[in-house]
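In what follows, a single structure is set out as structure tokens and then discussed.
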Amino acid sequence: MNALSLLPANIIDICGSGLAIFLSFMALRYSRILVKIEPNNFIWGFLFYFCVAMAAFSLSRGVGHIARILLVFSGYGAFWKQLSPYSGGFNTMLIISTAAVTIYYHKGLDAYKAIRSEAEKLSDANTRLFASATELKLLNTHLEEIVEERTRNLSKSEKKLRNFFENSKDIIYFCDELGYLSSVNSSGRRLLDIDESLEKVSFFDLFVNKDDRERYVGELKKNGFVRDLEIECKGRDGSIRNILFTSNTVYDENNNMVGCEGIGKDMTRLKTITDQLINREKMASVGEMAAGVAHEINTPLGIILGYTQLMMDDYEQGSEAYTNLEVMERQTKACRKIVADLLKFSRQAESVKTALDINALIEEVLAVTEHSLNIEQVEVIRHFSPELPQVTGDTEKLRQVIINLCNNAQYALAEKGGGQIIISTQENQDTVQITVMDTGTGIPDEIKNKIFDPFFTTKAVGKGTGLGLSVIYGIIQEHGGTITVESPVNDPKTGKEINGTAFHIRLPLSAAADSTTRENT
Amino acid sequence: MKMLSTIRHTGLFIVALLLVPDHAWALQPHGAPEGLYVHQMSHVLFTGALIYLYWHTRRTPELSNKGWHYLQLFCILFAGWNMLALVGHESARLLNPSDFIDKASWNEQVAGPITPIKMVYFITKMDHLLYVPALLALVIGLRSLSKDAQREADK
């Protein structure tokens, strides 16, 4: 190859220079847009300055190249020679400037990132602060309403619980680990007769049996609760009550027992009714058995008595055989009396019921027995209701009731060397109430529920058969009445509690008397 | 006393300097090739800066969208142009006026025989074939970035 034409290179040089100027300014324009969109963005700022340098460089270089070609090729080479160092120097300066901008860009970028990170944190914090402030403002605005509503709800709830606590018919109590009551409702105070400061009342002291205390505390400690534990409690007034306890242990934050809380249900009435039912059933069973035995024994006894009396006709009075037959006759009669009593108790004996005046009946009995009572230093006091209505009953049997009660009273007073028997009658609703009270030794609680049992007696052997109260019970039941026992009793004069026993008999009014009474009212 | 002694010694030294004058060479002279050397060094510096910019944008996760890819292409192309220009300047320096025919005219030619230096000069003379695409990549990149930024601002 001899020569290479530089014409294509020069044309490319001119066109390229022009295009380079145009493109560099286009780049400058776009970088300018970026800066306008985000003036605080460092990267866009860097690109803008970079493009400024590039545009200046392209302009300087492009103009230089075009000028060189035009001047040199037009014969002005000398002029270009003078201009050339300035153009070259300017280009060099711009290249270095652009390089410097680029080299230091990363430091600026790091600083920008750090600032932006802090700004974002600050912005987040501000956002959170604003949200908190808004929430606080809202809360503050509604705080009063919220407090008021919660107070109202709390008060309502407290009132509900307080009413439940106070109005409950069961005992609701709270006590500490030593058993001292810290709080007890009004039912508890009433049932257990607590009227003093609660700090002085030990819950466990109300238990009659000390074993119950150990059982109660033991279950609380072991299980953390007590369920349906029936305990006999003694109120401050001395009355015994059967309470069914359900209780929970109260623990502190360290799970140590600090007390207990619970509910106690008074089962006394239910227990009494249950005992009465059991007793009634027992008496009915015993009555049936006694009736059967009495019927079977009565006939042989009649035959024995008949033959004994026939044999007595064969011997002379005063002979040894006659005397022996007399003993046999007496003892057989005693046996027949027992059998007759058993039949009365079992309501098997025949009755002739008429309308009768109880006051008159009692006076008839006292007319016979009062003399012997007075000999025994027993004073009989009468408190008869003058307007006492009549009752329907068997005169003989009711007379025996009064005789038996007087005999028992006499026996009780004989142990004390005398006393009083107070007999009172009164109309009580649809019944006539007869009370026979003595100031004797009284009946211990342990035997109260046994006194009406046949053959139960506290008398010495041979002094009584144990059928007196059983016969009374049978007769009163036959008359549709009730008999209850009270011991000890209240002195009618002083009102104080004294030793003694009172039997209260209630007999229904006769139909005629009842209708008369209703007409009168 | 000590201060007076110091002033006296300093004064004597200045007087001695004034009494014995010689060539000072206060300013360094700059010869003709210095401008070319500086220019060549500026190309090297610019190449380094562009390679650094390319490397940094590649490893920065925030700068990974389409616009930045075009900017990275610009860095590569423009660094290449700088190297080409450096080689072109060197080749021009090695040629003599006798290597050209009809110099300073539109018919200007590189005289034969065509040596590698002359061929390199001829090729590097057409450096705009690299320069213009580099700027085009810069424009496309910035246009893409500006559109993204505008879209983000409009949200």
Side-chain angles (χ1 to χ4, degrees), chain A residues 1-10 12-17 19-20 22-24 26-34 36-38 41 43-44 47 50-51 54 58 61-62 65 69 72-75 77 80 85 88-89 91-96 98-103 105-106 109 113, chain B residues 35-36 38-50 52-53 56 60 62-63 71 74-75 78 82 100-101 103-114 118-119 121-129 131-132 134-136 138-147 149-150 152-153:
Chain A
M1 196 181 285
N2 290 329
L4 267 174
S5 174
L6 288 172
L7 184 62
N10 286 327
I12 287 171
D13 204 4
I14 292 169
C15 295
S17 296
L19 269 173
F22 172 73
L23 288 172
S24 64
M26 281 293 286
L28 183 62
R29 179 177 164 264
Y30 285 123
S31 65
R32 175 75 183 146
I33 290 169
L34 283 170
K36 273 189 175 174
I37 292 168
E38 287 182 77
N41 190 317
I43 298 171
W44 302 158
L47 286 175
F50 182 82
C51 288
M54 278 302 295
S58 295
R61 185 173 177 277
H65 279 227
I69 290 168
V72 171
F73 291 177
S74 311
W80 169 248
N91 287 347
T92 306
M93 188 181 72
L94 287 170
I95 288 174
I96 293 169
T98 313
V101 168
T102 308
I103 288 166
Y105 129 89
H106 79 279
L109 182 63
K113 280 162 103 175
Chain B
L36 181 63
V38 169
H39 188 80
Q40 293 289 64
M41 282 190 280
S42 75
H43 277 302
V44 173
L45 181 68
F46 200 12
T47 303
L50 286 166
Y52 165 73
L53 185 62
H56 194 273
T60 308
E62 294 93 331
L63 311 177
L71 276 168
F74 158 77
C75 289
F78 213 66
N82 271 288
F100 294 95
I101 303 164
K103 199 165 168 59
S105 77
W106 288 104
N107 292 323
E108 189 179 21
Q109 294 172 42
V110 179
I114 302 301
K118 288 175 182 171
M119 184 53 78
Y121 172 79
F122 180 74
I123 292 167
T124 55
K125 191 78 177 160
M126 295 183 286
D127 63 328
H128 279 102
L129 293 177
Y131 190 102
V132 171
L135 282 177
L136 190 63
L138 180 66
V139 171
I140 294 169
L142 287 168
R143 184 170 167 270
S144 175
L145 288 175
S146 66
K147 278 188 173 178
Q150 189 62 57
E152 200 67 30

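Throughout, a chain's letter reflects where its sequence line sits, starting with A, and its residues are numbered from 1.
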message: What verdict does the side-chain contact (heavy atoms from CB on, under 4.5 Å) test give for Leu71(B) and Leu53(B), after you've listed the backbone C-alpha separation in whole Å, the side-chain angles of each residue and the deciding distance to 0.1 Å?
response: CA-CA 9 Å; Leu71(B) 276 168; Leu53(B) 185 62; over 6 Å; no
Residues His128(B), Asp13(A); criterion side-chain contact (heavy atoms from CB on, under 4.5 Å); working and verdict: CA-CA 6 Å; His128(B) 279 102; Asp13(A) 204 4; 2.8 Å; yes
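- Heavy-atom distances place no part of Ser74(A) under 4.5 Å from chain B, backbone and side chain included.
- Note on His56(B), Met41(B), Gln40(B): by heavy-atom pairs under 4.5 Å with chain A, the leading option is His56(B).
- Counting only heavy atoms from C-beta outward, the side chains of Leu138(B) and Leu23(A) never approach each other to under 4.5 Å.
- When the candidates Lys125(B), Glu108(B), Lys103(B) are compared by the number of heavy-atom contacts under 4.5 Å with chain A, Glu108(B) comes out ahead.
- Between His39(B) and His43(B), the ring-plane angle classifies as perpendicular under the 30° and 60° cut-offs.
- For chain B, the option among Asn41(A), Leu34(A), Asn91(A) with the highest count of heavy-atom pairs below 4.5 Å is Leu34(A).
- With respect to chain B, the highest number of heavy-atom pairs below 4.5 Å among Val72(A), Asn10(A), Ile43(A) belongs to Val72(A).
- With chain A as the partner, the residue from Phe122(B), Tyr52(B), Trp106(B) showing the most heavy-atom pairs under 4.5 Å is Trp106(B).
- Side-chain atoms of Ser144(B) never come within 3.5 Å of backbone atoms of Ile140(B) as a donor-acceptor pair (strictly under, hydrogens ignored).
- When Lys147(B), Lys118(B), Gln150(B), Arg143(B) are compared by the number of non-hydrogen pairs under 4.5 Å with chain A, Arg143(B) comes out ahead.
- When the candidates Phe100(B), Phe78(B), Tyr121(B) are compared by the number of heavy-atom contacts under 4.5 Å with chain A, Phe78(B) comes out ahead.
- Listed options Ala153(B), Gly141(B), Ala134(B), Ala111(B) were ranked by heavy-atom pairs under 4.5 angstrom with chain A; first place goes to Ala111(B).
- Considering only heavy-atom pairs separated by less than 4.5 Å from chain B, the leading option among Val101(A), Leu7(A), Ile103(A), Leu47(A) is Leu47(A).
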